[in-house]
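Worksheet: the structure to be examined is printed underneath.
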Amino acid sequence: MVANEIKLIGIVCERSVDLTDRLDENGCLKEDATVKIIQVPCSGLIQPIMMETALKNGAQGCFATGCRMGDCHYRDGNRFLQHRLEGTRMPKLKPSVDKERVEAYWLSALEYEKLKHLIDEFRSTTDKLGLPEKKMANASAS
Amino acid sequence: MYIEPIQKNIVLPLEKGLNALFTQRYNPFYYHGALPNLFLWVLFLTGLLLLVYYQPTLATAYPSMKFITYEAPFGNAMRSLHRYAADGMMIFVLIHLCRVWFTDRFREYRIIPWLSGIVLLIALFVVGLTGYMLIWDQDAVALTNMTLSGIQSLPFVGPAMASFLMGTWISGESIITNYTVTSILVFHLGLPLLMMFLLWWHYLRITRPVTDPPLALMFMLLGGLFLTAGLSPVILGDQAPSDLNVVSGKLDFDLLFTFPQYLVTALGWDVAVAWLFVLGIPVLLLALPYLQKKAMRGQYAHVVFENCTGCSLCYNDCPYEAITMVAREKNDGTRFKRMAMVDPGRCANCGLCVGACAFKAIDIPRCESPDVLQEIERSLSASL
């Protein structure tokens, strides 16, 4: 097992929480190397299939961040993502996905501390859920 | 020109505070574009009721104002609401302007809302200024004379414009006549109608404009408006205008609408300098989007020809009406009838269409969705 095992994947809108100087060379949080961050221009770009892929490939959980509701730089991005995750807008998150492993946060550029706190909470929830199926399969095989 | 430090150090902290106070659902800063509309409706309604009693002639304008202010049922309330709603609208329009400027939401794909917004601002300013003239007490006459002489001093177009505003072209006399009052009223009523057309232009490139604030915020602001009108009802000068040539008086300036007159009378600016200042503001605002290099020149969403099924999801979600659905040519090798097409000039390169696409058929160059998927897979397989 590698030292910094990635447990959580965060797909982050570059206009929401400001992560400049907060990431290491692997794109993980400096403060917490088990959280891999992928930056996108707007939370509206995030396809539910991206979050599904993360879980399918063995992430313990996947979260998205967007700007504060009402303040999306491109008007509708965060609202649309929220609707997709809730299953009221196409393309939807698959109903079979464990909703407890998927989170979305709406934060402004200044709210890194709040994001850190939310990530810690998310981790304790997903830790209780245990390893996702693929990792368990791998663990038993090895 | 977009000034990033202002956003980081002023706008965002201010909004953080407002979020704590109002919660993000009712943060007035998140409805800065919708709030002026609320005041616009108040202005239309109260203005209609004021129009019932207002008589735009030299002899009757002041008495009718006196009747509205002191005798007509709810007349004073209507006048007060009309006056404070005008201030409220201008204040929220200025907040709207500053916020879209400081958050970089005014150029490139947003150029049409910005340019039409500046024209709307000028129209709103003229409507407010003519509103102060219509009161037609001694101070309002002084304001009218100052404005007319100011316009007259403009080179080339000045005399013609002043003659138009004064009604000289009808009455043939270059003094204030019945036509002057009427023509001021025509401006005061006609420009708001023009503003309705300008608002259509303002919303032209926006698929889902937010035109109304949430009900709770609406009640809060209307409550504030009624409170202001109740606590500080408007008054009218005791004197009917006796001297129609008066050019200065004890003017009770409302800086939002009469600041040019304030610059000249109270601060003693030269009329030409004041004009340069007043005209400089809209010219500078119109030039702002062009003072900076385009952030995303030549970048826009592209459709993957073979994958597009013509399902219209991206077309529905695009916030700037940049996507149109076009018919595919017959026998183009796919079994689909339509496909999406992107208008490069309107595209914001934001990626909302990517999030809407379930068929890997549209992507933006700065963040291709296959790359994102690959990075997710790669990072997780490395840690296994």
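In this text, all values refer to a predicted model and were calculated from it rather than measured experimentally. Order of the sequence lines sets the chain letters (A, B, ...), proteins ahead of strands, with each chain counted from 1. Hydrogens, waters and symmetry mates play no part in the numbers below; they use all other heavy atoms, side chains included.
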If you count the non-hydrogen atoms of other residues, nucleotides and ligands that lie under 6.0 Å from [atom1] in [X], is the total more than 12?
X	atom1	answer
B/Ile112	CD1	yes
A/His117	NE2	no
A/Lys128	NZ	no
B/Lys337	NZ	no
A/Lys116	NZ	yes
B/Tyr315	OH	no

Using every non-hydrogen atom in the two residues, find where [X] and [Y] come nearest and quote the distance to one decimal.
X	Y	answer
A/Ser108	B/Leu12	CB-CD2, 4.4 Å
A/Leu110	B/Pro13	CD1-N, 3.5 Å
A/Tyr74	B/Pro319	O-CG, 3.5 Å
B/Thr103	A/His73	O-CE1, 3.2 Å
B/Ala358	A/Pro91	CB-CB, 3.8 Å
B/Pro209	A/Arg75	CA-NH2, 3.7 Å

Do [X] and [Y] make a side-chain contact, defined as non-hydrogen atoms from C-beta onward lying under 4.5 Å apart?
X	Y	value
B/Leu352	A/Cys42	yes
B/Arg366	A/Pro41	yes
A/Asn26	B/Ser379	no

For the [atom1] atom of [X] and the [atom2] atom of [Y], what is their distance to the nearest 0.5 Å?
X	Y	atom1	atom2	answer
A/Glu5	B/Leu380	CD	CG	9.5 Å
B/Ile376	A/Ile6	CD1	CD1	11.0 Å
B/Thr207	A/Asp76	OG1	CG	7.5 Å
A/Asn57	B/Arg378	CG	CZ	12.5 Å

Side chain / backbone / both / neither for [X] at chain A, heavy atoms under 4.5 Å:
X	result
B/Arg25	neither
B/Gln7	neither
B/Tyr320	side chain

Test item: B/Glu377 side-chain N/O and A/Thr53 main-chain N/O as donor-acceptor pair under 3.5 Å: no
Which answer fits [X], side chain, backbone, both or neither, if we ask what part of it has an atom under 4.5 Å from a heavy atom of chain B?
X	result
A/Cys62	neither
A/Ile38	side chain
A/Leu81	neither
A/Glu14	side chain

Side chain to side chain contact (heavy atoms under 4.5 Å, CB included) partner of A/Met90, chosen from B/Asp317, B/Asn316, B/Leu313: B/Leu313
Top contributor to chain A contacts, counting heavy-atom pairs under 4.5 Å, from B/Arg105, B/Arg208, B/Lys16: B/Arg105
Heavy-atom pairs under 4.5 Å with chain B, option from A/Arg68, A/Glu111, A/Gln39 with the top count: A/Arg68
Within residues 368-375 of chain B, residues adjacent to chain A where the heavy-atom gap is under 4.5 Å: B/Ser369, B/Val372, B/Leu373, B/Glu375
